Protein chains: 4
Amino acid sequence: MDSDHFVHINTGSSEPIYRQLVEQVKRRVAAGQLRAGDEIPSVRDLAQSLAVHPMTISKAYSLLESEGVLERRRGLSMVVAAQHQRAQSAADRVELLRPTLHQAAAEARQLQLTKIQALNLFKTILDESAP
Amino acid sequence: MDSDHFVHINTGSSEPIYRQLVEQVKRRVAAGQLRAGDEIPSVRDLAQSLAVHPMTISKAYSLLESEGVLERRRGLSMVVAAQHQRAQSAADRVELLRPTLHQAAAEARQLQLTKIQALNLFKTILDESAP
Amino acid sequence: MDSDHFVHINTGSSEPIYRQLVEQVKRRVAAGQLRAGDEIPSVRDLAQSLAVHPMTISKAYSLLESEGVLERRRGLSMVVAAQHQRAQSAADRVELLRPTLHQAAAEARQLQLTKIQALNLFKTILDESAP
Amino acid sequence: MDSDHFVHINTGSSEPIYRQLVEQVKRRVAAGQLRAGDEIPSVRDLAQSLAVHPMTISKAYSLLESEGVLERRRGLSMVVAAQHQRAQSAADRVELLRPTLHQAAAEARQLQLTKIQALNLFKTILDESAP
DNA sequence: GTGGTCTAGACCACA
DNA sequence: GTGGTCTAGACCACC
């Protein structure tokens, strides 16, 4: 597995690096970009390509294993777990977006914005990121 | 000022309590629900009604003071600062929603959702929270 | 919480230290020696009293939290989680012993020992450890 | 020697595969199921029937050789060593079970189980595995 | 005071 | 080659 482009991290974010990795891998598995049995980059490779300490990568991988997303193969690279083999349906993937949008809706309400205003901003941002 | 209903905190969230307080107060000031000169609950009252350590409230208030949102009056309750008296324009308030929606857009892209799917979910959530 | 006598570790064992901690805490919670809301020793205190690196303790505590045995209280000591408040019944606790005895039974069979021989040895060992 | 049924491995266990092999062979020799001069499966055959890396088998065999349990014959299969020809006495074999039961006794004590409870469970499990 | 994150680097176990 | 464990120690965030 190519360790470049596997995930992106933002070292400036307050979100810990290991958690950024966990969330991105989970989304990519849900989206079907990573399939059951796919090898993921080794701890050392990914650590080097992200310029991060190997233990940070290892921590993320361990968490993903404990959540059943990855499987450990002794002495070998880790792979995407079988029970996550099927990419989730669009309906399921949409649900994974709910928490963040729920937060956005709460903020919009506190800002006393209309639904139209909030939706228009979201549409604008979506167009910016993938015009 | 009634210390109940002033703000809501979610102790389960990973968002620090003091930051939840700061953000909510700023949004309510921006929305014009809190106006210049309005008294806010005392540290002690709010700490009690939220079941939170007073120092946590104090830290939030101090941050809000250093940002010019609140003003300290010796021996009296803090009040919303004068320079924040006017509610911000709708255009300004919309901008405050941008960071969260930007995050949502990034997640939607990693989940390989279409713009339509993402927008529909947001619309649904907005309808749920204020039908 | 007294950090001495909280748990014992065997640095010579091949069992990792953090896992020894996890298993012992889980057994003590099951046995009712640790009850819901009980504070556990701080990471630093326990690390010092066991002469172990704090991160090793922290790793064990994090695992116990992710399994729902402990609860994190921001800025404060961790406590035994509420959903583990009730000591488990004797029947439940007995079940926790099953895996190890299952392993022992498999070994006894491969050694072609009779049930009597295996049971007598277990009885002897139990008498030794708590005469 | 039939490479099926020679040993069983549990890839899910935390016990390393090579050690599972070593312990099982030692127990079967002690029990007299494998006698001096008996041929054991070749590294290649056993690796294939267990779906394990040949080097793992080789490591186990080498360990057994260094402990004097197996003997290497140039160009031929390895055999059970002569000095291990006699099955060990029942008293000796019972001792090989001690470490696991010692561990079980320690767990029983931490679970605050009575000797009776622990013994009853062991008896039940022994009955299940060989009624 | 509390726990969390990260780095640097050693050493081990496994295949 | 793979991942795992542990130490030493810095720095941060929270209460």
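Quick caveat: nothing in here was measured; it's all calculated off a predicted structure.
When atom types are taken as modelled, the side chain of Gln20(C) and the backbone of Asn10(C) share a donor-acceptor pair closer than 3.5 angstrom.
Considering only the side chain of Val43(C), dG3(E) comes nearest among dT5(E), dG3(E), dC15(F).
Residues Arg19(C) and Arg74(A) each lie close to DNA chain F; by heavy-atom proximity, the contact nearer the 5' end of the strand is made by Arg74(A). Each of Glu15(B) and Met78(A) was assigned the nucleotide of DNA chain F with the nearest heavy atom; the assignment lying further toward the 5' end belongs to Met78(A).
Nucleotide dG3(E) holds its P atom 11 Å from the CG atom of Leu70(C), rounded to whole Å. Summarising the geometry, the separation between CD on Gln20(D) and C1' on dA13(E) is reported as 14 Å, rounded to the nearest angstrom. Across the protein-nucleic acid pair, Ile17(A) atom CD1 and dT7(E) atom P stand 5 Å apart, rounded to whole Å. The separation between Ile9(D) atom CD1 and dA15(E) atom C1' is 12 Å, rounded to whole Å. Distance CD (Gln48(C)) to P (dT7(F)): 14 Å, rounded to an integer number of Å. Atoms CG (Leu76(C)) and P (dG3(E)) sit 9 Å apart, rounded to a whole Å. Nucleotide dC6(E) holds its C1' atom 15 Å from the CG atom of Leu46(A), rounded to whole Å. As rounded to whole Å, 11 Å separates atom C1' of dG3(F) from atom CD1 of Ile40(A).
In this structure, Ser42(C) reaches the dT2(E) phosphate: one of its side-chain N or O atoms is under 4.0 Å from OP1 or OP2. For the OP1/OP2 pair of dT5(F) and a distance below 4.0 Å, the side-chain nitrogens and oxygens of Tyr18(C) include at least one atom meeting the criterion.
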Dot-bracket for DNA chain F, please. Rules: Watson-Crick or G-U, both distances under 3.5 Å, ( ) within the strand, [ ] when a pair crosses earlier ones, | for another strand, . otherwise.
||||||||||||||.
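Arg44(C) contributes a side-chain N or O that forms a donor-acceptor pair with the base of dG3(E) under 3.5 Å.
For Arg73(C) and Glu39(C), the salt-bridge test passes: some basic side-chain N is under 4.0 Å from an acidic carboxylate O.
Other residues, nucleotides and ligands contribute more than 12 heavy atoms inside 6.0 Å of the CD atom of Glu95(D). With a 6.0 Å radius and a threshold of 12 heavy atoms from other residues, nucleotides or ligands, Glu65(D) has its CD atom above the threshold.
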Decide side-chain contact (heavy atoms from CB on, under 4.5 Å) for Gln110(A) and Glu23(B); before the verdict, give the C-alpha distance in whole Å, the side-chain angles of both, and the deciding distance to 0.1 Å.
CA-CA 10 Å; Gln110(A) 285 191 316; Glu23(B) 295 304 320; over 6 Å; no
Can Val52(B) and Ile9(B) be said to form a side-chain contact (heavy atoms from CB on, under 4.5 Å), step by step?
CA-CA 10 Å; Val52(B) 158; Ile9(B) 62 166; 3.3 Å; yes
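The stretch residues 9-21 of chain A participates, sequence neighbours left out, in no salt bridge (Lys or Arg N to Asp or Glu O under 4.0 Å) pair at all.
Across residues 51-63 of chain D, His53(D), Thr56(D) each have a non-hydrogen atom less than 4.0 Å from an atom of DNA chain E (numbered order).
The line from NZ of Lys59(C) to OG of Ser62(A) is 6.5 Å long, rounded to the nearest 0.5 Å. Atom OG of Ser58(C) sits about 10.0 Å away from atom CG of Leu63(C), to the nearest 0.5 Å.
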